[in-house]
Protein chains: 2
Amino acid sequence: MIAISPRPVPARSDTRFHRQRDGRCRTSDIGGARIVRREQHLHRAGDPIDHPWLVVAGTFKSYLLKTDGDEQVLDFHTPGDIIGVEAMVQENAQCSIVALDTCNVRPLSMDDPAADFEDPESDTRKIIEAMYGETMRLMQRLQMISDSTEQRLARYLLEFSEVQRRRGLKPCEFRLPMRRRDLALYLNLATETLSRAFTRLRNRGLLAVDNYEIRILDAEGLRAVVEQRRAQDLPRFASS
Amino acid sequence: MIAISPRPVPARSDTRFHRQRDGRCRTSDIGGARIVRREQHLHRAGDPIDHPWLVVAGTFKSYLLKTDGDEQVLDFHTPGDIIGVEAMVQENAQCSIVALDTCNVRPLSMDDPAADFEDPESDTRKIIEAMYGETMRLMQRLQMISDSTEQRLARYLLEFSEVQRRRGLKPCEFRLPMRRRDLALYLNLATETLSRAFTRLRNRGLLAVDNYEIRILDAEGLRAVVEQRRAQDLPRFASS
DNA sequence: CGGATGCTTGAAGCTGCTCAAGTGAAGTGG
DNA sequence: CCACTTCACTTGAGCAGCTTCAAGCATCCG
């Protein structure tokens, strides 16, 4: 929303935290709530974990390190999301979670998880629904595998737009909170491939792209991209 | 283990149920438990669902129909697995579940889900752990996207082998319960590509393949296939 | 200004997909 | 009992999309 657009990273401030590659906990604790600054980890895979957290502000990235050393981005987490639900079942975190900008989280209690299960407002209930939501999101991503590069990107942008709309923000003009690399790893693409996809959608007049600032010019066109079958899946007589 | 090997389908009997494409519930109900015969659905996506089930015998396939009409196989479920955990959260099934052979399930109670959450033997506890397990499996499958065809197949066979071992069955000689098509859709491959992968692993002496009967001849070799980086990911000087 | 970082663009190669044909086994009907 | 159909798997040929490697560009920072 602010017009400055610093190149190397999406966020607009906090550059002094850049190269401070962690050190796990230059975070402020305020009555259980925590502030996590950009590039800092909420926790890493294997760290002990007591309870899930509710994201209050900012954007997190959750990821795994694969056996070959590559990073698999699992998801991006924005305000309202519950993260670290594995605390329900395990003592240690399964994935690493890192802040993409200045983030704010508050702990969710699991003191008497059983007592209030039926209460739709209870933390326990919300946590279980969050676990289920995670499963749903993963199932959707599994379907994404058979999508082409452009379909993946178009689908992601439309989803992002929808989340913006639901938050009362502009649905067709927003700033992506993650770097190309992170989005590429999330969509299971090479960074270059993602970059080319942005270019193609822009050239077709569907998007305006200025680094992390995105403007959706033709939402219908994007939806058409998502629905379209891949050329190679079509019978052999059409043009395209 | 039995030497007959009927071609068209993995299972060995029940051919009379083949073309009887459903009719949802030629199933026997025995005190809540249910027998579901091959090709019959336990439920379809959207059906009302009251409670999860415990698989007692047989193998199920869970899947979604994508918007383009294609099938996305989500998982295969064998004895000990809990299926339909979405009943915890929703009134309707999210996915379709069909029996690959004669299956046996028993309902899991959710009568007082809250009361016994801490009891590790309680159904509620087990269901929550099953939900979490589903998430874990999906996360692993997400990592699979960057694997090559052979890696996906090798990994799957090793996993299958491990499950066999844990059940006290022969880990290196077993019968796959699903058709090539189903396994291909599970691994997100074309049927032909999967078939070629079987052939290549067989030609390298890692497997013996007789339709659904598989013998692992060189488990170490398979593990090497899984660990190996893809040729195109390697620096440009090696032979492969 | 120079180094670092990240994004973009170009060129070439490989993997997996589609299309098409062939094989083997089981069930069907005369 | 044997053609004939059906179904699933296999194999081959050709193509296209994505990845990798490499270079160029833009921005930010010291």
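Computed from heavy atoms alone, side chains included, the values below leave out hydrogens, waters and symmetry copies. Computed from a predicted model, the values in this text were never measured in an experiment. Every chain is numbered from 1 and lettered A, B, ... according to where its sequence line falls, protein lines coming before strand lines.
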Does a nitrogen or oxygen in the side chain of [X] sit under 4.0 Å from OP1 or OP2 of [N]?
{"X": "A:Thr149", "N": "D:dC18", "result": "yes"}
{"X": "B:Arg179", "N": "D:dA8", "result": "yes"}
{"X": "A:Tyr212", "N": "C:dC7", "result": "yes"}
{"X": "B:Arg181", "N": "D:dC9", "result": "no"}

Calculate the interatomic distance between [X] atom [atom1] and [N] atom [atom2]; express it in whole Å.
{"X": "B:Leu189", "N": "D:dC9", "atom1": "CG", "atom2": "C1'", "value": "15 Å"}
{"X": "B:Leu153", "N": "D:dC9", "atom1": "CG", "atom2": "C1'", "value": "14 Å"}
{"X": "B:Leu207", "N": "D:dT10", "atom1": "CG", "atom2": "P", "value": "12 Å"}
{"X": "B:Leu176", "N": "D:dA8", "atom1": "CG", "atom2": "P", "value": "16 Å"}
{"X": "A:Gln151", "N": "D:dG17", "atom1": "CD", "atom2": "P", "value": "11 Å"}
{"X": "A:Glu213", "N": "C:dC7", "atom1": "CD", "atom2": "C1'", "value": "15 Å"}
{"X": "B:Asp147", "N": "C:dT15", "atom1": "CG", "atom2": "P", "value": "14 Å"}
{"X": "B:Phe198", "N": "C:dT23", "atom1": "CZ", "atom2": "P", "value": "22 Å"}

Looking only at N and O atoms, is any donor in the side chain of B:Glu192 or the base of C:dC19 less than 3.5 Å from an acceptor on the other one?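 Answer is yes: a donor-acceptor pair is held.
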
Name the closest nucleotide to the A:Thr199 side chain, picking from C:dT9, D:dT19, D:dT11.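 Minimum distance to the A:Thr199 side chain belongs to C:dT9.
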
If you check the A:Arg196 side chain, which of D:dT19, C:dC7, C:dG16 turns out closest?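 Of the candidates, D:dT19 comes closest.
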
Would you compute the distance between atom NE2 of B:His41 and atom NZ of B:Lys61 and round it to the nearest 0.5 angstrom?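 One gets 7.0 Å once the value is rounded to the nearest 0.5 Å.
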
Using the closest heavy atom to pick a nucleotide of DNA chain D for each, name whichever of B:Thr193 or A:Leu194 lands nearer the 5' end.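 The residue mapped nearer the 5' terminus is B:Thr193.
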
Smallest separation among heavy atoms of A:Ser62 and A:Cys95, with atom names: CB-SG, 4.1 Å

Do the two ring centres, one from A:Phe60 and one from A:Phe76, sit under 6.0 Å apart? no

Aromatic contact, A:Tyr186 with A:Tyr63 (centres under 6.0 Å):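 No.
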
Is B:Glu162 paired with B:Arg166 through a side-chain N to carboxylate O contact shorter than 4.0 Å? yes

Please classify the nucleic acid contact of B:Asn188 as base, sugar-phosphate, or nothing, using heavy-atom distances under 4.0 Å.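 Result for B:Asn188 = sugar-phosphate.
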
